[in-house]
Structures are given as structure tokens and as C-alpha cells.
Amino acid sequence: MIRNARVLLDDFLPREVVHRHEEMNRLAGALEPVVAGDRPQDALLVGPSGAGKTCIARYSLDRLQEQALGVDTHYVDCWQHSNRFRLLYKILEGVGTTYDVHRSTPHDELLRRLEELSDPYVIVLDEVDQVEDKSLLRELYAIPEITMVLVANRERDVTGTLDERLRSRLRSGETIRFGRYSDEELVSILEDRVRWGLDPDAVSRDQLDRIAAAAAGNARDAISVLRLAARDAQRDGADRISDERIEAAIPAARREIRQKNAEKLSPHQRTVYDLLVEHGPLAPGDLYDRYRAAVDDPRTRRTIRSYLTKLERYNLVESEGEGPSRRYRSL
DNA sequence: ATTCCACCGGAATAGCGGGATA
DNA sequence: TATCCCGCTATTCCGGTGGAAT
């Protein structure tokens, strides 16, 4: 039933981007000058998850790579490389100068290599709001050869933490805002994936409607649901996907992401998370008391606070309220 | 309006572990 | 093998903040 599983994966990049031509053209317009040897504009892509930001950014890099010789491009997911060293390392990977970099290489050396670039280098920094060391962004901006395409959910997550110089530099670039996909658009995206990856009658139009409605404009979620449903059907030897499988896949897709993140937690972090899952919204003090009662060698309050910001980063936990009225709850 | 308290998160610091080097 | 260096995690200290109490 599955003919090409690859097209249902998260990182699959279609040969053509649908429903995002306007955004596509603006980004291409910003980067295009580099083909003629001129200085391209930096860009900022903002919008909700699954709205096509990453897709457009990666697609544009590929196009650029085809059009221009002597232009390096690279995509970096800041989520997985949030500290200074890892991010620099990842960026250097794109120009192939990491052959002799190891942990004892001074950071300055990494930055110096970037400063010595002689060819234009266009980098996409996805989830850029996750970068811990914001001064690194400024240092990267200072390198003339580097053009940055920043990707984030909310504009203020990026601009709010930067200094004024960097902010004005960003404003002079291209800011492209993405909205959620409509249900119609999601369905047509799903139809493409079905055509490329599944047997033609494996899924009905009504079922795609259902998936689109559940995904609330998030293409990544919609595709995940389709992937899970198809995988289950395939495993059981069915030749088409039943409605039940779709319904089961909708919550399962969300659970899957959370589960993956939860597996990355240390035992102490896991305890904190489990306490929130079990006991609903908790005040920080209350949470800490319970935590201390639950483990043998408790970490300090400050450490638990760091855990909680990490849990929020992983979308496992949500906080509301400020100061003393703050409450944490599991998602 | 002012004070108070719990909480937030940055900065400096120490110990640990792993890879590189001599 | 011993040593060094660095990143990582946790700790300590502390200034800032916002809701609640006075």
C-alpha cells in the first residue's frame, strides 16, 4: 500500500512548493542578487508551526544552489544546536572546514574561519529563537559574506532579545509572515503526498478532509497523521486506510512527538514531568516540595527551574501567570 | 501606595567525563 | 599512560519582577 514512504517523512522536500508562491517569490527576491554577485538581503520568516516556513527556506536554498556557482548554502536547525559551539560547528560544516575541529578547538578559531570566507554563504537558521547565545547572531551578522535567513514562530522571540543595532539590520531585510494553511490547501498538500507515496485508492477524499480539519492549518501535523495511519494499515496488511485508523492516528501523532521528547529527559527531569502529568497544574513551590519527596537526592530549586524551561522548550509543559501566581501544567 | 514574598533567570564557579596530546 | 582542555550539568549567589497583603 505504501509505495514510497519517504514522501511522508518530516524532512521530505517536494520538488515544487504549492500555496506559498508569494512567500517563495519574496524570499527568492531577497536572495537572488547573490547570483549576479551582488549582496543579498537577510530575511526573517515568521509564522506558526507547520505553515511552510522551513519548507520554503530549504527549497530556496536548493534553488540557489542550482542557479549560482561559488555560493555556499547550509540549513541549520538551532533546536538541536542551541549553544555557541554546536551552532558554529554546524555552520562551518556547510563550508566543509570542520575536518580538524574537535572539542578542544577554541571557539574563536571557529568564528575566525567564518570571517575568512571569500565566497558568499547563505545560511538558514531554523528555530532561531532557541539560540542561547544571542551575541553569536550579531557576530555572524558582522561577517559580510554571510547572509542569514532566520526562521521563528513569533517575531518578538527573535527581535525581543537582540540589541538595537541587530534589530535595525533585521528590519532592513525582508520579513515574510506566514499564515496557517486553509483546510483546502492542506488537503491538496496531502493529495500530492498520497499520489507520490501511496496506492491511489488507499485514502478517500473525505478522509483527507478529516485529517485537514484535525490538523488546524499545520501541514506537518497533517502529514504525520497520514504517515501513522498508513504505517498501521501497511503493518496489518490492509490495502486501504480505514476511518478508524485515521481517528486513532490523530491523537497518536501528537503523542508521538511528546513521547520522543520525553525520552530525552534525565530521570530527575522525568520525575518533574511525571508529577505535572499526574497532579495537574502546580505552583512552583508545591511542585518542588512534591519533587523533593519523590526522589532520594533532590536537585536544587534553581536546577528544577532550568528543567522547567527545558520542558517548556520541548512543548511538554506549559506555564501561565507570572511571579508568585505562576502555574505549570503538562500538555 | 508601599511593602513583602515567591519566583525568575543571568552570571560565576566547581566537578565530571571524554577526547586529544605528549 | 598521564595530562590537559573543554563542554556539560548542577550549584551558589543575586538582582529584578509582579501579584498579594497591608
Side-chain angles (χ1 to χ4, degrees), chain A residues 76-94 96-115 125 127-140 152-154 156-167 260-277 279-331:
Chain A
V76 181
D77 182 1
C78 301
W79 178 278
Q80 292 160 28
H81 314 279
S82 58
N83 71 41
R84 192 182 168 88
F85 185 83
R86 284 194 194 168
L87 190 56
L88 274 169
Y89 185 90
K90 209 64 197 166
I91 291 169
L92 272 173
E93 249 181 23
T97 50
T98 50
Y99 50 88
D100 60 346
V101 172
H102 39 78
R103 266 208 307 198
S104 51
T105 308
H107 294 176
D108 291 352
E109 168 68 15
L110 300 188
L111 195 61
R112 204 179 54 73
R113 290 188 189 187
L114 285 175
E115 282 162 353
L125 299 184
E127 315 255 16
V128 69
D129 48 315
Q130 299 297 328
V131 175
E132 288 158 17
D133 183 0
K134 306 291 183 193
S135 63
L136 177 57
L137 296 180
R138 195 178 58 239
E139 288 162 83
L140 290 171
N153 287 135
R154 290 175 306 182
R156 69 169 178 279
D157 289 342
V158 186
T159 56
T161 49
L162 302 178
D163 70 5
E164 188 47 45
R165 253 184 317 160
L166 195 43
R167 227 179 298 170
K260 264 192 198 137
N261 285 333
E263 279 165 13
K264 295 180 200 155
L265 301 177
S266 73
H268 283 274
Q269 292 164 351
R270 185 66 202 229
T271 304
V272 173
Y273 175 57
D274 288 343
L275 282 170
L276 284 170
V277 170
H279 297 102
L282 286 176
D286 192 8
L287 173 61
Y288 187 71
D289 290 342
R290 287 172 189 270
Y291 161 76
R292 235 180 22 177
V295 299
D296 291 336
D297 51 342
R299 303 284 184 262
T300 60
R301 284 193 139 81
R302 179 68 187 88
T303 302
I304 301 307
R305 252 176 270 142
S306 300
Y307 287 174
L308 286 165
T309 46
K310 179 175 180 177
L311 291 172
E312 279 193 271
R313 205 161 85 85
Y314 280 177
N315 279 319
L316 291 166
V317 158
E318 186 178 64
S319 70
E320 58 192 25
E322 290 299 319
S325 66
R326 181 166 267 224
R327 294 289 179 281
Y328 290 95
R329 107 160 50 123
S330 65
L331 288 173

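Residue numbering restarts at 1 for every chain, and letters A, B, ... go by the order of the sequence lines.
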Problem set entry | Trace of the side-chain contact (heavy atoms from CB on, under 4.5 Å) decision for A:Y328 with A:V272 | CA-CA 11 Å; A:Y328 290 95; A:V272 173; over 6 Å; no
Got a salt bridge between A:E93 and A:K90, using NZ or NE/NH1/NH2 to carboxylate O under 4.0 Å? yes
When A:L308, A:L316, A:N261 are each screened for side chain to side chain contact (heavy atoms under 4.5 Å, CB included) with A:Y273, the one that passes is A:L316
May I have the distance from [X] (atom [atom1]) to [N] (atom [atom2]), rounded to whole angstrom?
X	N	atom1	atom2	value
A:D289	B:dA6	CG	P	11 Å
A:I304	C:dA10	CD1	P	9 Å
A:E320	B:dC7	CD	P	15 Å
A:R86	C:dT9	CZ	C1'	12 Å
A:R299	B:dC16	CZ	C1'	13 Å
A:K264	C:dT9	NZ	P	13 Å
A:L265	C:dA10	CG	P	12 Å
A:L308	B:dC7	CG	C1'	11 Å

Reckon [X] touches a base, only the sugar-phosphate, or nothing at all at heavy-atom distances under 4.0 Å?
X	value
A:T309	sugar-phosphate
A:Y288	nothing
A:R327	nothing

A correct 5'-to-3' footprint of nucleotides 12-22 of chain C, with B, S and - meaning base, sugar-phosphate only and no protein heavy atom under 4.0 Å, is BB----BS---
Side chains of A:R305 and A:T309 only: does a donor on one sit below 3.5 Å from an acceptor on the other?
no
In short, the helix from B:dA1-C:dT22 to B:dA22-C:dT1 is bent end to end, axes from five pairs each side, to 10°, by 0°
CZ (A:R299) and OG1 (A:T271) are apart, to the nearest 0.5 Å, by 10.0 Å
**Q.** Side-chain N or O of A:Y307 closer than 4.0 Å to phosphate OP1/OP2 of C:dA10
**A.** yes
**Asked** Just wondering, do A:Y314 and A:L311 contact through their side chains at under 4.5 Å, heavy atoms?
**Response** no
Within the structure provided, determine whether A:V295 and A:H268 are in side-chain contact (heavy-atom separation under 4.5 Å). yes
| said: Given 3.5 Å as the limit, does a donor-acceptor pair link the side chain of A:R327 with the main chain of A:L282, or not? | reply: no
- Message: With a 6.0 Å cut-off (strictly less than), is the heavy-atom count around CG of A:D296, excluding the residue itself, greater than 12?
- Response: no
